[in-house]
Amino acid sequence: MNVIIKVSMANYDAWKETFDNHAERATVCDESKTTVGKVDETSAIVMLYDVDMQKMQGLFGSEFMVSLTEKLQIVNDEMHSFTSLQP
């Protein structure tokens with residue numbers, strides 16, 4: 001499954017640095033295709049491909065992610081699945 005997430009945070013740059021260094025994310029999706037688009041200083045759009053939703057749910061519930069969410073004031077405003085269009 002492919003997932004697109006609208007994310008809000010206190011500071012995009014601090015969030016992006018942490019996001020880029022979070023190696024464990026590669027265990028739940030095809031990290032080579034992960035795409036991040038900065039919307040403004042406090043929000044971004046994230047596209048994840050070939051996501052294992054059960055593993056992702058476990059990752060989001062991990063102690064690391066819970067404390068990071070608090071520290072960086074992260075809110076996953078919206079999450080949707082999508083499929084790629086075939087040529």
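Note that these values count all heavy atoms, side chains included, but never hydrogens, waters or copies made by symmetry.
- Taking the side-chain hydrogen bond (donor to acceptor under 3.5 Å, both in side chains) definition, one finds that K6 meets it with nothing, sequence neighbours left out.
- Scanning for side-chain hydrogen bond (donor to acceptor under 3.5 Å, both in side chains) contacts around K55 gives an empty result, with sequence neighbours left out.
- Ring-centre distance between Y49 and F82: below the 6.0 Å cut-off.
- Nearest heavy atoms, M9 versus S43: SD-N, 3.5 Å.
- For E63, the salt bridge (Lys or Arg N to Asp or Glu O under 4.0 Å) test picks out no residue, with sequence neighbours left out.
- In terms of modelled atom types and a separation under 3.5 Å, the side chain of T35 and the main chain of K33 share a donor-acceptor contact.
- Put simply, the side chain of K71 does not reach to within 4.5 Å of the side chain of V66, judged on heavy atoms.
- Taking the salt bridge (Lys or Arg N to Asp or Glu O under 4.0 Å) definition, one finds that E31 meets it with R25, sequence neighbours left out.
- Between the side chain of D52 and the backbone N or O of Q54, at least one donor-acceptor pair lies under 3.5 Å.
- With sequence neighbours left out, T18 forms a side-chain hydrogen bond (donor to acceptor under 3.5 Å, both in side chains) with no residue at all.
- For D50, there are no side-chain hydrogen bond (donor to acceptor under 3.5 Å, both in side chains) partners at least two apart in sequence or on another chain.
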I'd like to know whether L68 forms a side-chain contact (heavy atoms from CB on, under 4.5 Å) with I74, so could you lay out the CA-CA distance, the side-chain angles of the two residues, the decisive distance to 0.1 Å, and finally the verdict. CA-CA 8 Å; L68 186 65; I74 299 169; 4.2 Å; yes
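- What you find for N2 and T83 is that their closest heavy atoms are ND2-CA, 4.2 Å.
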